[in-house]
Number of protein chains: 2
Amino acid sequence: MKTPLYRQIQANLKEKITSGIYEEGGLLPSENDLCSEFSATRMTVRQALNELVREGYITRQHGKGSIVSASRKSLGLLSLKGWTEVVVASDRHGKTLVLEGPVLKPLDDMIFMPLLEGEAKDDFIFFKRLRLVEDSPVMFEQTYIPNKNLPNFIEEPLLEGSLFRTLLIRYHVDVQSMSQEVRAIAADKETASLLKIKQKSPVLHLLRKYKTSVEGFFLYSSIYCNTEKFAISSFN
Amino acid sequence: MKTPLYRQIQANLKEKITSGIYEEGGLLPSENDLCSEFSATRMTVRQALNELVREGYITRQHGKGSIVSASRKSLGLLSLKGWTEVVVASDRHGKTLVLEGPVLKPLDDMIFMPLLEGEAKDDFIFFKRLRLVEDSPVMFEQTYIPNKNLPNFIEEPLLEGSLFRTLLIRYHVDVQSMSQEVRAIAADKETASLLKIKQKSPVLHLLRKYKTSVEGFFLYSSIYCNTEKFAISSFN
DNA sequence: TAGTGGTCTAGACCACCTC
DNA sequence: AGGTGGTCTAGACCACTAT
């Protein structure tokens, strides 16, 4: 047995959550039930559940149970949150437009330099996507994925439009954590026009490196956010 | 016994780390040693250590031990990080100027509205501080602390200039976690002049609510960051 | 090889929530 | 009252790091 049992349980539950088998706002099976299901002890099950809390998939309440969180847009620094709490509640009011990709393209070292530690220079699959909330564009995202052990990735469409879900279900690559750099910058021409704001407006710039369950397999993202209507929020 | 053992261990170790008893880059006692010291089992000690990892005080390495991290400037979304890694390594190259306070002042509901959930409207102790790295101003911070069970807080100076350390050592209030909203905005006149940038330059705005070991006791901070030279980075 | 952290078991008692 | 998660014990075996 190579991957720890708690990681297996974690990935299994994550799969069931993202696929809707466990509904948003609903309860996961109790710890004892999960113990039976996975033939593990409570400490092991709890370790898996704690990881899911850390990743934002569930919250827990004492006498009640493990509650499935409203779907998240990303890891770590997470859900978009605005005046209307409604927008937060579900992904359904959000849309994602694929502007470009998937295509093969080398990683832009200049941009991602601060996050690199000398990974193998593979070919990367590139996406350029625009995310909208209630028809307002709020995020402009450019993503790089190593083109390694991902057969047919470019040919097949994303599962339900979700990159992370596709990686998890189709290739068993579980995105587990992230490091990032955050800056405030003036929007350039392309960003401003996509986010429908004036050029040189302040936008949030996030440089992200995602760690996965596969050794040495990292994803990279550069994200520009319009935070006028929706702030980025995070918990710890 | 009210507060869990692992929280006590956590606070105890945090105190020893921030006071320098355990040096930056050095090792904590092994898990087994800590078990003896606190009369606890490994699982309990590990729970405390995991919390310290989550808060960024230590990292852990398999056959080696628990390594004390370089000192952090804040919780959660954390250390300032720039081209020169040197700046990160220690707090000593940083400076903090107290521009105003401590004085009593009501909380500015308008600003912190998104973070409030109906806490008691106490009087607050107010600070206005400017943080510099290598003599460049990078953060302009306004902090509100409930004036509740903090005898002589205003009269006495901060321990080593650190607010969190003062709360921990003098009042046994342990700051444990944080939620925040992040935005990119155009610098107003005061912020621009303090951070020595042009008015309307993009700055990062962080609205923070800190959770402590004391039930119902929260700290609030509004922080403006100049991210031209130094980005904010975070791990997960 | 000795010591460290990583994982895991099989129990236990308690506090909280719902019924 | 019964079920839930929160805390805790007392062991065990393994993988990694140092020497």
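Naming: A, B, ... by sequence-line order, numbering from 1 per chain.
- If you take CD of Q47(B) and P of dG5(C), they are 17 Å apart, rounded to a whole angstrom.
- Inter-residue side-chain proximity for K105(A) and F124(A) is flagged as unmet; no heavy-atom pair is nearer than 4.5 Å.
- In this structure, S36(A) contributes its side chain and N32(A) its backbone to a donor-acceptor pair below 3.5 Å.
- With axes fitted over five pairs at each extremity, the angle between the ends of the helix from dT1(C)-dA18(D) to dT18(C)-dA1(D) is 10° (10° resolution).
- Considering only residues two or more places apart in sequence or on other chains, N12(A) meets the side chain to side chain donor-acceptor pair (under 3.5 Å) condition with K16(A).
- We find that CG of N50(A) is positioned 14 Å from P of dC8(D), with the value rounded to whole Å.
- Qualifying side chain to side chain contact (heavy atoms under 4.5 Å, CB included) partners for L27(B), counting only residues two or more places apart in sequence or in other chains: I67(B).
- When all heavy atoms of N147(B) and L150(B) are compared, the closest pair comes out as OD1-O, 4.5 Å.
- Residue R60(B) contributes atom CZ, which lies 10 Å from atom P of dT7(C) at whole-angstrom precision.
- For V214(A), the side chain to side chain contact (heavy atoms under 4.5 Å, CB included) partners are V173(A), T212(A), F217(A), not counting sequence neighbours.
- Considering only heavy atoms from C-beta on, F153(B) comes within 4.5 Å of I145(B) through its side chain.
- Residues passing the ring pair (Phe, Tyr, Trp, His ring centres under 6.0 Å) test with F126(A), sequence neighbours excluded: Y144(A).
- In terms of heavy atoms, T18(B) sits closest to E15(B) at OG1-O, 3.2 Å.
- Distance, R7(B) CZ to dC14(C) P: 21 Å, rounded to whole Å.
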Report all side-chain donor-acceptor pairs from residues 44-53 of chain A shorter than 3.5 Å, counting only partners two or more places apart or in another chain.
unit_1: T44(A); atom_1: OG1; unit_2: T41(A); atom_2: OG1; d: 3.4
unit_1: R46(A); atom_1: NH1; unit_2: E31(A); atom_2: OE2; d: 2.9
unit_1: N50(A); atom_1: ND2; unit_2: R46(A); atom_2: O; d: 3.3
unit_1: E51(A); atom_1: OE1; unit_2: R7(A); atom_2: NH1; d: 3.4
unit_1: E51(A); atom_1: OE1; unit_2: R54(A); atom_2: NH2; d: 3.1

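- Formation of a donor-acceptor pair under 3.5 Å by the T166(B) side chain with backbone atoms of L159(B) is found in this model.
- Between the CZ atom of R46(B) and the C1' atom of dT7(D) there is a distance of 16 Å, given to the nearest Å.
- The side chain of T44(B) contributes an N or O atom lying less than 4.0 Å from OP1 or OP2 of dT9(D).
- Rounded to a whole Å, the CD1 atom of I67(A) is 11 Å from the P atom of dC17(C).
- Comparing M43(B) and P29(B) along DNA chain C, the residue whose closest nucleotide (by nearest heavy atom) sits nearer the 5' end is P29(B).
- Near DNA chain C, meaning a heavy atom under 4.0 Å away, the residues from residues 30-42 of chain B are S30(B), E31(B), R42(B).
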Pairwise N/O distances under 3.5 Å, protein to nucleotides 15-18 of chain D:
unit_1: dA15(D); atom_1: N3; unit_2: H62(B); atom_2: NE2; d: 3.0

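- Annotation: proximity of residues 9-17 of chain A to DNA chain D (heavy atom, distance under 4.0 Å) is found for no residue.
- Within the structure, the salt bridge (charged side-chain N to carboxylate O under 4.0 Å, His left out) test picks out the following pairs touching residues 168-180 of chain A (sequence neighbours left out): K14(A)-D174(A).
- Looking at residues two or more places apart in sequence or on another chain, you find a side chain to side chain contact (heavy atoms under 4.5 Å, CB included) between S19(B) and I21(B), R165(B).
- One interatomic measurement links the two molecules: CG of L49(A) to P of dG6(D), which rounds to 9 Å at whole-angstrom precision.
- Considering only residues two or more places apart in sequence or on other chains, S213(B) meets the side chain to side chain donor-acceptor pair (under 3.5 Å) condition with none of them.
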